[in-house]
Each structure stands twice: as structure tokens, then as C-alpha cells.
Protein chains: 2
Amino acid sequence: MYQTTQRAWLESLRQTLNPNDLITDPDRLASFSGDETRDLHHLPEAAAFPRSVAQVSAVLRVCSEHCIPVVPRGGGSGVSGGAAAIHGGLVLSLRHLNRIVVLDARNMTVTVEAGMVTGTLQDRLAEKGLRLPPDPGSRDWCQVGGNLAEAAAGPKSVKYGAFRDYVLNLEVVLADGRVIWTGADVRKFACGYNLTHLILGSEGTLGVITKAVFRLVPTAPESVLLRMGFTTLEAATDMICRVFTSGLTPSEVEIVDRDAIALAQPLCNAPADPDLAAYLWIGFDGREADFLMADAERAADLAESIGCADLLFASDPDQVRRLWTYRHRIGPAVIETTPFRDVDLSFPRAALADVVHMVKEVGRRYGFRTAVFGHAGDGNLHVNVLRDALDEAAWQGPVREGIADIYRRVCAMGGTLSGEHGVGCTLTPYLEEALGSTRLVLMAGIKEVFDPQGILNPGKIVETPI
Amino acid sequence: MYQTTQRAWLESLRQTLNPNDLITDPDRLASFSGDETRDLHHLPEAAAFPRSVAQVSAVLRVCSEHCIPVVPRGGGSGVSGGAAAIHGGLVLSLRHLNRIVVLDARNMTVTVEAGMVTGTLQDRLAEKGLRLPPDPGSRDWCQVGGNLAEAAAGPKSVKYGAFRDYVLNLEVVLADGRVIWTGADVRKFACGYNLTHLILGSEGTLGVITKAVFRLVPTAPESVLLRMGFTTLEAATDMICRVFTSGLTPSEVEIVDRDAIALAQPLCNAPADPDLAAYLWIGFDGREADFLMADAERAADLAESIGCADLLFASDPDQVRRLWTYRHRIGPAVIETTPFRDVDLSFPRAALADVVHMVKEVGRRYGFRTAVFGHAGDGNLHVNVLRDALDEAAWQGPVREGIADIYRRVCAMGGTLSGEHGVGCTLTPYLEEALGSTRLVLMAGIKEVFDPQGILNPGKIVETPI
């Protein structure tokens, strides 16, 4: 255990950074005590805001010399506690590393600093007709480095993949301050172990991402959207599977379940048929409106053949935005209604109905309500476990047991714990049961290669002593 | 160093395997003394042909107990010496593990054993309207496990990515015989370090891949192809870049340079304009012939605006095949003409003309001729260094120095050593200069976590004592 009473490291950091770029005042540190994960508050002893890779490197050298925990922080939009300083120490914010370094339009690649806000990057790329496709809900405040560290994705990943699928190369500062690039700025790399993908999703436990090189794709100016209702989850699942097996490549396949519809209804100013088990949205994007219209017609025919209860179509951008209402308001609706816990499940998409039924059954057994929504085409659902009127004893006891039961059962169904929210500190306790001890031992071994002192984001993914 | 005089391990293997599944006769072992890499012959002491994962595990337990090198082997189609038993020991062939375990058409995934021939798998998938897109030249004899271990790709990777981009999960036998799965059979996985991508491309040095789960895409029954000639490499490079920046997504962007054209001409029964610096092929595939035709027209207009010298178009399958002739005959033409060495370069695609000029300049300086061809859209070229009439001293001396110079220069141009051919034993000596010592130390650390004795494919990627 490192010595919190030793203050020499703070003195060294003061000599390393600009005067305003180190915070130790507890009041000002409060906003760095966690991320968007509920019920998680851990005050660090300091927060640093380096302005260059050299400063990040210097900060890590100091923390390494003094064995101080370092918690890298992007936009703070995580929901698994990845940015929580659960062992104290230093929060290392990347927010000042927020520039595009090179936008190479001819090669269709961009080199960007890790602290750039993802939406800002995407807007700048769009001006050049280029695109980094993943679209997390937090695009306007999350940061590129956080997206990469936490394996973030979003609705469009069903067609375009996650952020990590666009990474050619990463600049990473190691625990001792050394700086490496993990790959090369090339599309095909077959030169030894894939350090790039090892760092991606490692949540700051192996190194601090300071720059990323992405390949880009052209913008898709046109889009069309279908919304359909189904009275059973089985029919919705059938639609999801058949849209892909029919050869279509939708850009979004999103779902909101019955309980989520009921929750969102007051905010949506639009009635929903109470017989519906789920709304499903299927979108298409591309360059040519005619092609998309043909795809949408095929999907609509398929939906009607399966017996969809209610079919709406939009192609005008305003109509498209309105048609997303229920899906886009479900998050805010939950937040306004009740405290909740976020459970991110990933499974083979044909198992969707079974997984939702399982979640509801567990809820009935342990006495909680859930709102279920998310990326049905990828087999990735966000289950919001709602506190409603439950007392603290129920919320800490049976509800936690129920969530553990959901994780256990989804693994037994061929799924896993987390599709795009990382492990952070909230899922670390479930990891051994999900992955098995051999894999955890290998992960701990890798951790030790990169960070022998265990100072990098301790308590996340692997449990190491600090 | 392990004891080659100790024969107890062979006795143990005999008790583990069926009588015909262990070979020790040097005559029969000769066909396992290398892969398709030139000038590389290393006779192992034995070759094993296990028929189940349990037998693979048992073989590794024996070799681990006796500290015997194990060289996993797929179809033997590698060109960087990954399957060469350079330290002797046991060649472990996966050829009997050649079945589809589960073809889940509803989820569009397939679980397949590592020893299945890639083309056989692809043909079986096509019968169901499904596809694993990468198309290596060796599809008819390479195996799935080898493709994954060596980071293989092919022409269609420009649109569809490499084999590794389709892997959801791997079954891997570790050095001590333990069996793990690296991920889950899901499309989105955010549960700790990416062991899947760590094993992919690790060339059997971290574990033996025994099964893979792939996501699949629908077949693309329609295709069109353009072939165009350019009198300068600069114009060809301009075409390559602009086809992508214009928003098109070609399924192939292949090139053959002037020297390769000259070499292939006798086999192709088709004259080529001697003024051409390169032929470029641009293909499109998909479901709708009309859409592809529109894309091909846009590409053709672009080619003409850039000043292409010669434009041919094909859409009928036979015409398409014939139009590929020069590209497809260049490999056989080299083999029939002269001994050669394969150099696989990867770089930002806009650097293509500069890279080819650099290769030719190095050739002139060190006195060798090259045929250059490959996956221009990905910035991935195969440079065949031709022996022609060079004597042994030149072939071993200046030619090797020239190749080292090419590697050095391509790295200085932002490129790297290998795009899709792996490192094997042939590139291991160049790795430190290309990647830097910090990365190699990290790789060696990872190797030690997985294989503390260093028995797995020693001498490949990382230099470890055995």
C-alpha cells in the first residue's frame, strides 16, 4: 500500500506541471470522484491536467517513483467505474490533449490526441466528407481515449463496428513514463503481437493512450429509418435475425422493450399500443437514397410478413429524428424516474427473446423492475435495473444478488458480461466466474509485464495489490 | 537447450496418439521441413497429427514436461517461415481437426476446427448463402488456423478486412496443455484484455489455435471489374486514393508493376503496352448488379479524368476471370522464371509510387530485379526479389543487404515490414529496428507469461532461449 502521508510526489508534480494544472483542493476534486456510474464516489488526492505527451510521461515517471495510483480520465462518461479512483492517488485527465494532429484526407486517416471530444472530432471530419462511424450516446462529452480504453461502440456498430475497429496505431505512455507506438500508420500490420488491440479495452491498466491513428470512411449523407412494433419478443427476434440473413446491412437495429416504452411514454408525447412487447428500429445509411429506399422496402415487407403491429417510415432528417424519440428518450426517462443500475449484456442475437425473458424472470424473483433497450442487431442490451420504491436493504441485498444471477445466466446462454461498457471496478468481481481462472491468471501476467508496480488504474479488470 | 538424445518424449507421444499419427521417419518428415518460404529446410524430429483437442492438449503436456519445441502447422502455405522447425522438435499438424463444429445460420456464425482448409470452409458456407470474405491466394490448401496465426488477408481485405476481423472467439491450447476460450461467441466483447487479438497473428508462439468462431456476412453474388493501365506510378497512386475519397468502396484494388507485367506476359497470351508503368484492377461486389454498374461507371470516369491509358471492363463471371489474368499469373510466372525472395511491405497507400520507386532504386544499387504486385488499396505490396543470373555470393550478400535496406526505408516512409505474411523466422532479425526495443521487451514479457519454457514455435517473432 502506498503512503498517502508522503507528499513528495505532489511536490514533484508541481514542478512538472503548470501551476493551474494540478488540483489538490477536495472541493475542486469532487467532480473527479467518479464517472457516470451510479453510487460510486472516490475522492482522489490530486488531479493532473498535463498539456503534452511529455508532461504525461513526466507525471507517470513521478508516480512510478513514488508508487502512486494513476487513474486516467477521459470525458468521465463511463458507466462501469473505470475512471473512479478507488485506491485514491492521482486522476490523470487527458482533457488538454484535445487536438487533431494530422488529418490526412488523401490516405483517409486522422491522428488525434486522446482527450479530444469524440463529437467534436466527428464534426470536424464531416466538414471534409470523412467519418469515424461509431456513435456512442455520450458523443458530445466523451473523449476519444476513453472510447478506446473502454471498448466503446454504439448503435451504428451493427454495420460499422466499434471504435477499436478503426484504430491503426496508438501512442501509449507506459507506467514508467516511456512512450511507445503500438503499431504503424498502415491498414495491414502483421509484425508480432497485437499490442494495439491489447491496449484497446484495457481501461488504462496497461498504459495511458495519448494519441490514436484512425482509418476513416466516407460520410453517408442519406439515411432512412423504419420503426415497427411487435407483440412478442419472439417475433422481434425473428425480424432481427431475418433482416441480416436476407442480405441487408442495416446501420442500426435498436430495441426498446415493453417496460421501457411505458417508462418513456410520459416524455415522448406519443401514445404507444399497450399490447406491444417491443419497438424495433431498423435504419439504413449510405450515399444513394434510391438504394436505401429499396433496402427499406425489403425490410418493411419482411416485417409485415412476420406480423409487425405498427410500421412507420422516415427519410427526411427531421422525420428520422422524431421517429427515434422513444429510443432516444429512454435514457433520460430512466434518470428522471428513479435511481438505477446499468447492466450491459452481450449474447448471440438470436437469443434476444430468451435473454429478455430471463431478465424479467430474475426481476420478478428478486423484486425489481427493469427497462431493457439497446443494440439488438449486435446482441447487446442495456438493462436498467430500477430502484423504484425499494429500500436500501433491498437495493444493496436482493437487487445485487439478482444482478449477479443475470450475469451468471447470460453466460450460461452463451453470452457475456459486457459488450461495450468495459469492466471497470463494478464488473471485476464477476470476471472470474465469467472468464475462468486461467484467463484471469494470463491477464494478471500481462498486467505485470506492463505495470509491475500495479500503479495504473488499480482495481480495474485485474485485482492487483498496490 | 533441450536434449535431442532423450527419446522418452517420443515414447510418451506414441502412447498418446494413434499409431499412424506420429511420424519419425526422416524421409516422411521431409515434407514437413518448411513451408512455402524459399531456401528454408529444417527437419523436425517428429510430426504429430492429433485427431481431437484432447490429443492436442496431451501432446503439449508431453512436450512441456520434456521441454520439446512444438511447431504448429496448418496448410504449410506460409512465406515467412512460421512453420519451419528451426530448433527441431515436433511439428504439430492440425490437419485432422478439419470439421465445421456448428454452422449457426440464424446467428450468421460458424465454429470451425483450425485444420479445415479455408477454401473448403468457404465453399460450404457459400452453399448456405454465407461468406467469410478474405481470399488469400492459397485458399485451396491453406488452413483456417494458419490464416489466423499468420494474420493472413488477401485482395478482398480492402473492403472486408482480414480473417482476424471476423473472429469472435478462439479455442486455444496453452503450452502446458490447458485449453481456454479467449472471448465469447458474441459480436461485442468488453471483458478485459483482448486475448483473442493477442493470439491472432502470434504465429503459434503463445498457444495453438484449435477452433475459431467467425461472424459471417451474406454472399455477394454480383461483381464487376475494371482494369486500367497507367503510364506513371504517380497517376496510378492518384487513382487509388481518389477511388476511396470519392466515396466508393471497391472490393479489390490490385496492382502489377511494369517489371511484373513483363514477367507475366509470356504466360498471359495477351500483349501489354510497353509504356505502361502499371496495371490497376478495381472491382466491386454486392447483391445488385445495377448498383455495381453505377459504381464502376464512376470509377471509370475517374480513371479517364486522371488519364488512364487503357480501360477494360467485365461483368460476366468468365470475362471477370479472364480480366484478372495478369494479376493471377504473376505468382506462377515468377516461380517458373527464377528463384526469388518474398518481401511483404505495408505503408500508407498514398505512398505507393514512392515505395515502388524506392524498391527499384535499391534494386539498381544492389544489383537485383524485382516484380512488384499486390493489394494497392490497402498499401500492401508483395515485392518479389528475383535471383535471375545472380551467383550464390551475390544472392546471400548484396541481395540480403538490399532487402534489409528496403525494410529500413519503408519504415522511414511510415510503413512497416509485413502486412499479411507474418514475421516467422525470416523477419525476426529486422523486428527490433522496425519496432524498437521497448516493444520487443513487452512482447518477450507476454511470451513468457504464456510460454515460460519457450517451447512454442521458438525463434519466431521473439528470440527466446530453448
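Nothing here was measured: the structure is a model prediction, and the numbers come from that model. Every chain is numbered from 1, with letters handed out A, B, ... down the list of sequences.
- Contact count against chain A (heavy-atom pairs under 4.5 Å) is highest for B/G183 among B/A105, B/A152, B/G183.
- For A/H375, the part sitting under 4.5 Å from any heavy atom of chain B is the side chain, from C-beta outward, and nothing else.
- Atom CD of B/E448 is surrounded by 12 or fewer heavy atoms from other residues, nucleotides or ligands within 6.0 Å.
- When each of A/K128, A/K447, A/E150 is checked for heavy-atom pairs under 4.5 Å with chain B, A/K447 comes out on top.
- Here the side chains of B/L442 and A/L198 are not in contact, with every heavy-atom distance at 4.5 Å or above.
- Here the closest heavy-atom approach between residue B/F189 and residue A/L435 is recorded as CZ-CD2, 4.0 Å.
- Heavy-atom distances place no part of A/V217 under 4.5 Å from chain B, backbone and side chain included.
- For the set A/G422, A/S80, A/G436, A/G201, the entry with the most heavy-atom pairs within less than 4.5 Å of chain B is A/G422.
- Top candidate by heavy-atom pairs under 4.5 Å with chain B, chosen from A/A444, A/S418, A/G129, A/G247, is A/S418.
- With a 4.5 Å cut-off on non-hydrogen atoms, A/I180 touches chain B through its side chain but not through its backbone.
- Proximity to chain B is absent for every atom of A/A220, based on heavy atoms less than 4.5 angstrom apart.
- Of the atoms belonging to A/K460, not a single heavy atom falls under 4.5 Å from chain B.
- When A/V449, A/D104, A/I240, A/T196 are compared by the number of non-hydrogen pairs under 4.5 Å with chain B, A/V449 comes out ahead.
- Both the backbone and the side chain of A/D378 have a heavy atom closer than 4.5 Å to some heavy atom of chain B.
- Heavy atoms of A/D295 lying under 4.5 Å from chain B belong exclusively to its side chain.
- The nearest pair of heavy atoms linking A/C191 to B/T416 is SG-OG1, 3.4 Å.
- B/F450 has its side chain within reach of A/I446: a pair of non-hydrogen atoms, C-beta onward, lies under 4.5 Å apart.
- For the set B/H421, B/R242, B/R298, the entry with the most heavy-atom pairs within less than 4.5 Å of chain A is B/R298.
- Side-chain contact check for A/L195 versus B/M443: some heavy-atom pair is nearer than 4.5 Å.
- Taking B/A351, B/G415, B/A162, B/P348 one by one and counting their heavy-atom pairs under 4.5 Å with chain A, the maximum is reached by B/P348.
- Taking chain A as the reference chain and counting heavy-atom pairs below 4.5 Å, the highest number among B/P218, B/A434, B/A350 is found for B/A350.
- Using a 4.5 Å cut-off between heavy atoms, B/T219 does not touch chain A at all.
- The two atoms that bring A/K188 and B/A153 nearest to each other are CE-CB, 3.6 Å, heavy atoms only.
- Contact count versus chain B (heavy atoms, under 4.5 Å) is highest, among A/L431, A/T182, A/V462, A/L427, for A/T182.
- Separating the CG atom in A/L200 from the CG atom in B/N194 is a distance of 8.0 Å, to the nearest 0.5 Å.
- Heavy atoms closer than 4.5 Å to chain B are found nowhere in A/R215, neither backbone nor side chain.
- Chain A forms the most heavy-atom pairs under 4.5 Å with one residue out of B/Y430, B/F291, B/F347, and that residue is B/F291.
- Nearest heavy atom pair, residue A/A151 against residue B/A190, reads CB-CB, 3.8 Å.
- Shown are A/T237, A/D238, A/T245; of these, the side-chain hydrogen bond (donor to acceptor under 3.5 Å, both in side chains) with B/R106 is made only by A/D238.
- Between atom CZ of residue A/R287 and atom OG1 of residue B/T249 there is a gap of 7.0 Å, rounded to the nearest 0.5 Å.
- Contact count versus chain A (heavy atoms, under 4.5 Å) is highest, among B/G192, B/G445, B/A184, for B/G192.
- By the 4.5 Å heavy-atom criterion applied to side chains, B/T205 and A/Y193 are counted as neighbours.
- Taking CG of B/N107 as the start and CZ of A/F244 as the end, the distance is 10.5 Å to the nearest 0.5 Å.
- Put simply, CG on A/L174 and CZ on B/R439 are 11.0 Å apart, with the number rounded to the nearest 0.5 Å.
- The distance from the CZ atom of B/R178 to the OG1 atom of A/T438 is 4.5 Å, given to the nearest 0.5 Å.
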